[in-house]
Amino acid sequence: MIIDTASPSNVVSAFGLVWPDALRLHGSVIRLAFPPVLFMTGYGVGIAFLIKAHPEYALSLTVMSLVSLVLSLLLVFRTNSAYDRYWEGRKIWQDLKVSSRNLIRSVWVTVMEKSMDDCTLKRQSLKDIAAFVISVKHYLRGEDGLEYSDYDGLLSPEFRLQYSTRSAVGNYGSIPVSGNNSPQASTGDGLLYQTQRIPEGWERTGETSLPSQLLYELQKFAEHIQDNHLIHVQYYASLLTSINSLATLVGSCERIL
């Protein structure tokens, strides 16, 4: 096999029990939806007991029909809006899978190998593409780190070491440091990124996310094969377009959250 991945688990452990992955709390909408649902349930139960104890407080059917009409229109609007977001997310995720498959096929077919190092880099780039799709899932859930089992067999030891040992800055590409919030020190010529972790949520400030770091790795691989004449020019341009499309799809996922 070209890509040897670990079997991803569809269950999570919490409170000493094993739950389906759909019922996970971290990175899930359950934490946002549960308090309003619990409040409205308690409110409805309270009103029911109040009317049962004091029937004189009950409203007439005419008032209830007007309220139910407005409420039904509101629920229809909210349901359609939620379904539109779900359907758009489903289409974006399908496009992400198709684009990553096309990129893997293009790299495997169009990139030449002149040495064992070229073969190693090529195979690692294929694994980086698969790891990118997984990292998008964890990034949207607000799950940082590399301790998840679905990364096993994909990320290189060098990348893991760089990710785990960085304190505040890292070195990527050939873009110089800019901005007032960027660190001033650097160990080499490259882009410095600053990590700022937050306990919850997917939005980060001043951080280069793991999907972006993997895209940097793919971009560096594309520059390497171009400099060493391991790919034809027309295929190189197509490769860059595919990498840019992956970045665009990540932005589309962030937009609908």
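Predicted, not measured: the structure shown is a model, and the values here were computed from it.
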| With side chains defined as the heavy atoms from C-beta onward, is the minimum distance between L210 and F159 less than 4.5 Å? | yes
| Which atom names give the shortest non-hydrogen contact between Q162 and E217, and what distance separates them? | NE2-OE2, 4.4 Å
| message | Are the side chains of I231 and Q226 in contact, using a 4.5 Å heavy-atom criterion? | response | yes
| note | Rounded to the nearest 0.5 angstrom, the CD1-CG distance for I104 and L126 is 6.0 Å
| How about R123 and C119: do any of their side-chain heavy atoms sit closer than 4.5 Å? | yes
| said: Quick check: do K114 and N228 have side-chain heavy atoms less than 4.5 Å from each other? | reply: no
| remark: Between the CG atom in L121 and the CG atom in D117, the distance rounded to the nearest 0.5 Å is 6.5 Å
| query | Just wondering, do S242 and N102 contact through their side chains at under 4.5 Å, heavy atoms? | reply | no
| Residues in side-chain hydrogen bond (donor to acceptor under 3.5 Å, both in side chains) contact with H232, at least two apart in sequence or another chain | none
| said: Can you list everything that forms a side-chain hydrogen bond (donor to acceptor under 3.5 Å, both in side chains) with S212? Sequence neighbours excluded, please. | reply: S209
| field | Residues in side-chain contact (heavy atoms from CB on, under 4.5 Å) contact with T79, at least two apart in sequence or another chain | value | none
| message | Does E223 form a side chain to side chain contact (heavy atoms under 4.5 Å, CB included) with Y236? I'd like the steps, not just the answer. | response | CA-CA 9 Å; E223 297 298 331; Y236 171 71; 2.8 Å; yes
| task | Kindly compute the distance separating CG (D128) from CG (L155), expressed to the nearest 0.5 Å. | result | 7.0 Å
Under 3.5 Å, side-chain donor or acceptor atoms of residues 89-97 against the rest of the protein: list the pairs with distances, not counting sequence neighbours.
none

| field | Distance (rounded to the nearest 0.5 Å) between Q234 CD and L239 CG | value | 12.0 Å
| query | Taking 4.0 angstrom as the limit, do R255 and E88 come out as a salt bridge? | reply | yes
| field | Worked check of side chain to side chain contact (heavy atoms under 4.5 Å, CB included) between T110 and R105 | value | CA-CA 8 Å; T110 61; R105 186 187 66 251; over 6 Å; no
| query | In Å and rounded to the nearest 0.5 Å, what is the CZ to CZ distance from F34 to F39? | reply | 14.0 Å
| Is the count of non-hydrogen atoms from other residues, nucleotides or ligands lying under 6.0 Å from R160 atom CZ greater than 12? | yes
| request: Identify the two heavy atoms, one from L218 and one from S125, that lie closest to each other, and give their separation to 0.1 Å. | output: CD2-O, 3.7 Å
| said: I'd like to know if F221 and W108 are part of one continuous hydrophobic network [Ile/Leu/Val/Met/Phe/Trp/Tyr, side-chain heavy atoms within less than 4.5 Å]. | reply: yes
| message | Test your reading of the model: is there a side-chain donor-acceptor pair from K122 to the backbone of V111, 3.5 Å cut-off? | response | yes
| query | Going from OG on S135 to CG on L154, what distance comes out if it is rounded to the nearest 0.5 angstrom? | reply | 10.0 Å
| Which heavy atom in Y163 sits nearest to a heavy atom in G145, and how many Å separate them? | OH-N, 3.4 Å
| Less than 4.5 Å apart, any side-chain heavy atom of I256 and any of Y86? | no
| task | Taking the side chain as every heavy atom from C-beta outward, state whether K137 and D150 have any atom pair closer than 4.5 Å. | result | yes
| Can you name the nearest heavy-atom pair linking H224 to D118, along with the distance? | NE2-OD1, 3.9 Å
| said: Using a 6.0 Å cut-off, check whether atom OH of Y235 has over 12 heavy atoms from anything other than its own residue. | reply: no
| query | Who are the ring-ring contact (aromatic ring centres under 6.0 Å, His included) partners of Y151, not counting sequence neighbours? | reply | H138
| remark: Taking every heavy atom of L246 against every heavy atom of S100, the minimum-distance pair comes out as CD2-N, 4.1 Å
| Which pair of non-hydrogen atoms, one from P35 and one from L32, has the smallest distance, and what is that distance? | CD-O, 3.8 Å
| Can you check whether C253 reaches V250 side chain to side chain, under 4.5 Å on heavy atoms? | no
| query | In chain order, what residues pass the side-chain hydrogen bond (donor to acceptor under 3.5 Å, both in side chains) check against D84, with sequence neighbours excluded? | reply | none
